[in-house]
Structures are given as C-alpha cells and as structure tokens.
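First the structure, in the form of structure tokens, and then the observations on it.
Lettering follows sequence order; numbering is per chain, from 1.
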Amino acid sequence: MTVRTRFAPSPTGYLHIGGARTALFCWLYARHHGGVFVLRIEDTDRERSTPEAVQAILDGMAWLDLKADEGPYYQTQRFDRYREVAQGLLAAGQAYHCFCSKDELDAMRKEQLARKEKPRYDGRCRNRREPVAGVNPVIRFKNPVDGQTVVEDAVKGRVIFDNHELDDLIIVRSDGNPTYNFCVVVDDMDMGITHVIRGDDHLNNTPRQMNILKALGATPPRYAHLPMILGPDGAKLSKRHGAVSVMQYREDGYLPEAVLNYLVRLGWSHGDQEVFSREEMVTLFDIEDVNKSASAINPQKLLWLNQHYIKNGGLPRLAAELQWHLERLGVETSKGPALTALVKAQQERAKTFKEMAEGSRFFFEEIRAYEHEAAAKNLTEEAVPGLRKLRDGLAELQEWSAASIHSLLIATAESLGLKLGKLAQPMRVAMTGGTVSPPIDATLELLGKERTLRRLDQALAHIDAGGA
RNA sequence: GCUCCCUUCGUCUAGAGGCCUAGGACGGAGCCCUCUCAAGGCUUAAACACCGGUUCGAAUCCGGUAGGGAGCGCCA
C-alpha cells in the first residue's frame, strides 16, 4: 500500500511556522516512503476563508519547496459529495435529524456545566419521529454510546477514549452545509489517506472521526499527532511573536533551507545531528521518532542555522538571494561589484540576507555622510600621512587584486612604522562610511580602483575641512 | 468543571534499567586568533518537576501529586 499523507490547512490566514512544520513532516513522511503528498484546502468556513489566504499558503509552500503531488483540493467544491455521504448515513440509520434550537442547546450546556459535567449533546432527537414545523434540522452522527475508541497514535502512543464521552456531533448544518469533522472524514476516506499527520490539538477529534469512518465502512488511517510549537516565551504562538508567516522569514533574510532545517529539529531528532540537507531529512525522517512534548521556538538557533547556510551555500544561489534583498532596499545592483564576488566576501559575517544587503550598500552607493564616531576616531590628522602614502601606492598599483593590495597595505604601514590597524581602519571608514566591512583588501578589490581613489580623496578632503 | 495530552540544562534535544560523575547543539561566560565586524579554535557554567513504589540497580518501569497545554461550537 502506498503511503498517502495530506496537509489540510484552512485558508484563514498565512502559512505560519506551525503549519509549515506540519506540512514538512507530511511531506517528509510521504517522500521517505515513496508515497504521495496531498494538499487539501479546508475552506468550508466561507466567512473566514479568503482567496488571498489560499495564495499565501501556496506561496509559503512554494518558497519552502514543499510541493504537493496531488491537489490542491478544495472542500467547497466537494459539497455534493459530503451531502451524498450524509444522506447515506441517514438512510442507514447512522445519523439523524435534530431539530433542537440554539437556545435549547445553550440551556442544556449551561445546566451540564452547573452540574460540573462535560457539556455534550444528550441525543434527545435520536428517536424523534415527527419533524418540527418551521425548523430546518441539522444532521447529527449517531455516535456509539458505549465501548471505547482506541487511537494508536504514531507519536502519542495508545490513547483510549470512552465512547460515552463523545456526543452526537453535527455533520450537516441547518443550511445544508457540512461541518469540518465530517468533511475531513469523507476526504480522508475518498482521497485514500493512509497517514493523518496533524497538530495535537486534533487528538480529541480523532475518536469521533474514527467512529464516523467505521460507520462508513472505511478503515481509519494511521494517526500521528504532532506537538505544538510555542513562541520563544513558551506561550502560544501569536502575531506578537513577530514572524508568524513563513514568508516573513524571507523578508527578514532567511533561507528556506535554514527554516526547514530549523523546523525539522523541532520535535524530531537524529542523534546529535543538527544540520540536515533535504535529502538527509528524507532518508532519516520517521514519524515514530517524533517527540510528544511541545517545543518553543528559539530564534537564535534559527539564526545560527541561517548563518550556516549562508556560509556554506553555493555562490550563484546566494547571489540571487542577495540581489532580491538589495532590490528591496532600492539598490541599483548593476552599479557595483559582481554579486557572487560580493557574497563571497560577505558570507562569513552575515546572519541574514537582510543584514548582508544593508552591510553591502556602500558598494553601490556613494558615501553621503560618515558615521560620526567612526569618523571622529579614524578620519583624523594623524591618519593623513598613511592615507596619502597609501593613495599614491594604490594609484600606481598595476594589478588591482586583494593580494597586491594587501602587500601594498603591509608595506605602507611598515614604512611608516604603523600597525596595520592604524591604516586599515581609517581606510575602512573612508571606503564604507562606517567601521564594518569585509577585510579591507577584499573591500578595495570589490570597490575597484576608481571608486577607491575617489573615496580616499573624499575622506582626505573631509579631514582637511576639519572633519565637518 | 469534565475528557485527553505533556514534563531532561534558559531553549532544541540524546537517552528505550546498569555504557549517565546525564551527551550534543543554540545561547551565555572566559581565553586565543585578528585591519573592523564576523568566522574559527579551546575552556567553562547550566537539567532528569515532586513524592512514593518495583528492582541488586531508575532520567528510563508503575502509582500519585504539582505545573503546563488541548478539546468540550450549526469554527476549523
């Protein structure tokens, strides 16, 4: 039997980090077993579902490269099918019409709560023969009243529910539309889903779904309920935690492989290994190895992984990403060094592409102002002799390469009895306007001779003008 | 309130009765390297929620307690 998993988000918002992890595990499990990964959009709540949210989910998955092998299926396009199945249940006496009003239901709940009982529908319409005039009934599933339903969960283990804890849930609303728990069941059955991997907030729904499946004559799939993902503070994930949408991570300068690698280690591990390529994830991942307990997001570790992928990624790939971010900053990338060379110079000092792009602006844009403290400390009269001598040397330099620039720098500093830092740091401020850049020789090489000399003159003039 | 789930360093985790004086990673601290920022190298602090039981022996098994979480909708 081929494994078939599904990711079934409801399009009421963006693809957040928790959803992304669920999608990843579903995808990994399918890939690992040579199975099929199905995408299903659960949009039965027409009030809250939007096409923008559908697109956002698709975009998020595309960015993470979690391609669905089938779908997306839309539940709103399958309403006829749900109604058909509900009618079948009705005809078989496994479901019934319920005419209870909302007020009646509310009153019932209140009483039960007052008696310190779990609120549940008492099944009073189970044996009603006559319809109530003027009331459009809902359809309820006739849940078994005794016995137990056992969920053999791949991550939580054996979980036992007494059927009398479960009540007769509504499967079709009074307006004729099917409800969530029912659609899920019909879909999982129709789509031949063999493994339902989802958040553990659904664990309590599982016995109800299994009972409906059994009533339908279907074999329940294998279930795996993933622990929740919490915010950095250990509280439930929310907007207040910043990057809730996976696409926000792109904006913030993260690579999808870093996000994926971070996510796969939340609730899953393989010994002491921290870094996993996509291929390794696929071969090593197993749902049986997933943890039971919730985990908090650790932004520092994500940052570290991102840095790892920046340091070790392929240049063309990284250059494309840098270009995307530079363009976001409004930088004209054609007016500067080749981006692959730039990435090579910057990849050791950036944790994110956002950071790298911001730290690379000076390669493309003129220096309009020096950082105050940096200039005050480095662009001083004291630095002038060194800068002048270096300017002469650079102007005559035949081969404009980091290596030759480096030699010139050493020689210049030596001849003036200066420590390298006394020369390099003023140069850095002159070239970048600030104090941070790649090694100065590499920076000059990337800047090019003309720009270097121009900026050196600009700095000298600045000092000459009294640092104003 | 009821049902269900969870509990190893700050965080992610290893651990499936003796290999544990509990390992790794991020983060922290210190040192080294150094033209800045980084990167890198080395060192270091830091945890089995609690109480009982089983056992020659428990982080690992059992029971309870506490603390977190989820569900209990004509939401998904």
Side-chain angles (χ1 to χ4, degrees), chain A residues 8-12 42-45 47-49 75 98 100 102 105-106 109 112-121 136-140 151 153 155-157 159-162 165-167 169-175 177-181 183-184 199-207 225 227-228 230 232 234-236 262 265-275 291-305 307 311 346-351 359 374 378 406 409-410 413 419-429 432 434-441 443:
Chain A
S10 56
T12 55
E42 308 212 324
D43 53 354
T44 53
D45 183 353
E47 305 279 296
R48 295 196 302 153
S49 301
Q75 290 189 325
C98 167
C100 295
K102 284 192 183 172
L105 262 19
D106 280 348
R109 259 191 285 274
Q112 287 163 330
L113 244 18
R115 267 182 271 132
K116 304 199 169 189
E117 287 171 11
K118 177 177 183 170
R120 54 191 291 285
Y121 182 67
N136 286 327
V138 299
I139 300 175
R140 288 186 184 269
V151 182
D153 195 271
V155 344
K156 301 286 185 181
V159 185
I160 301 171
F161 296 85
D162 283 325
E165 290 292 338
L166 280 19
D167 62 358
L169 76 162
I170 293 172
I171 57 176
V172 178
R173 300 180 178 97
S174 51
D175 65 4
N177 290 328
T179 57
Y180 166 78
N181 275 110
C183 298
V184 167
D200 69 5
D201 47 339
H202 290 289
L203 184 54
N204 287 296
N205 286 330
T206 306
H225 287 93
M228 305 260 93
L230 276 16
K236 204 170 161 183
Y262 180 70
R265 285 285 290 100
L266 244 33
W268 177 83
S269 61
H270 180 73
D272 286 340
Q273 189 170 346
E274 296 290 349
V275 176
N291 277 171
K292 296 164 183 247
S293 54
S295 40
I297 281 190
N298 182 348
Q300 308 278 14
K301 190 158 182 177
L302 205 211
L303 220 36
W304 173 75
L305 275 167
Q307 185 173 46
K311 266 190 309 195
Q346 295 277 227
Q347 67 186 155
E348 286 222 328
R349 73 205 76 251
K351 286 185 161 66
N378 296 290
H406 186 77
L409 231 34
I410 298 285
K419 292 219 302 199
L420 190 53
K422 288 287 181 193
L423 192 54
Q425 201 56 0
M427 267 306 275
R428 178 167 283 114
V429 177
T432 72
T435 55
V436 178
S437 84
I440 196 66
D441 46 8
T443 301

Whole-angstrom distance between [N] and [M], as gauged at atom [atom1]:
N      : M      : atom1 : result
C62(B) : A16(B) : P     : 16 Å
A49(B) : C56(B) : C1'   : 28 Å
G53(B) : G68(B) : C1'   : 26 Å
U60(B) : C50(B) : P     : 10 Å
G27(B) : C33(B) : P     : 22 Å
G73(B) : U11(B) : P     : 34 Å
G24(B) : A47(B) : P     : 14 Å
C32(B) : C9(B)  : C1'   : 27 Å

Check this for me: does the side-chain of [X] come within 3.5 Å of the base of [N] through a donor and an acceptor?
X         : N      : value
Asp200(A) : A70(B) : no
Ser437(A) : C37(B) : no
Glu274(A) : G24(B) : yes
Asp272(A) : G23(B) : yes
Arg120(A) : C72(B) : no

Is [X] touching bases, backbone alone, or none of the nucleic acid, heavy atoms closer than 4.0 Å?
X         : result
His202(A) : base
Pro438(A) : base
Thr12(A)  : nothing
Asp441(A) : base
Glu348(A) : base
Lys311(A) : sugar-phosphate
Asp167(A) : nothing
Lys351(A) : sugar-phosphate
Thr435(A) : base
Gly199(A) : nothing
Leu266(A) : sugar-phosphate
Val159(A) : sugar-phosphate
Lys118(A) : base
Ile160(A) : sugar-phosphate

Among the candidates [options], find the nucleotide nearest to the side-chain atoms of [X].
X         : options                : answer
Ser174(A) : C74(B), A76(B), C35(B) : C74(B)
Arg48(A)  : A76(B), U7(B), U3(B)   : A76(B)
Glu165(A) : A76(B), C12(B), C2(B)  : C2(B)
Asn204(A) : U36(B), A70(B), U13(B) : A70(B)
Phe161(A) : U3(B), U36(B), A14(B)  : U3(B)
Asn291(A) : U13(B), C35(B), C26(B) : U13(B)
Arg109(A) : C37(B), C74(B), G24(B) : C74(B)
Gln307(A) : C74(B), C35(B), A38(B) : A38(B)
Gln300(A) : C12(B), U36(B), G27(B) : G27(B)
Lys301(A) : U13(B), A70(B), C12(B) : C12(B)

Under 3.5 Å donor-acceptor, Thr443(A) side chain and Pro438(A) backbone: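 A pair under 3.5 Å: yes.
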Expected output: side-chain Asn291(A) to main-chain Ser293(A) donor-acceptor under 3.5 Å: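 No, the answer is negative, given that no donor and acceptor are paired below the 3.5 Å cut-off.
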Closest heavy-atom pair and its distance - Leu266(A), Ile297(A):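 Shortest heavy-atom separation between Leu266(A) and Ile297(A) comes out as CD2-CG1, 4.4 Å.
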Separation of atom CG in Asp153(A) from atom C1' in G71(B), rounded to whole Å: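 It works out to 15 Å between those atoms.
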Residues Arg109(A) and Gln112(A): side-chain donor-acceptor under 3.5 angstrom: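 No, Gln112(A) and Arg109(A) have no side-chain donor paired with an acceptor closer than 3.5 Å.
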Option among Thr206(A), Asp201(A), Asn205(A) that satisfies the side-chain hydrogen bond (donor to acceptor under 3.5 Å, both in side chains) test with His225(A):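 Option passing the side-chain hydrogen bond (donor to acceptor under 3.5 Å, both in side chains) with His225(A): Thr206(A).
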List every contact pair, protein side and nucleotides 49-51 of chain B side both N or O, where the distance is under 3.5 Å.
none

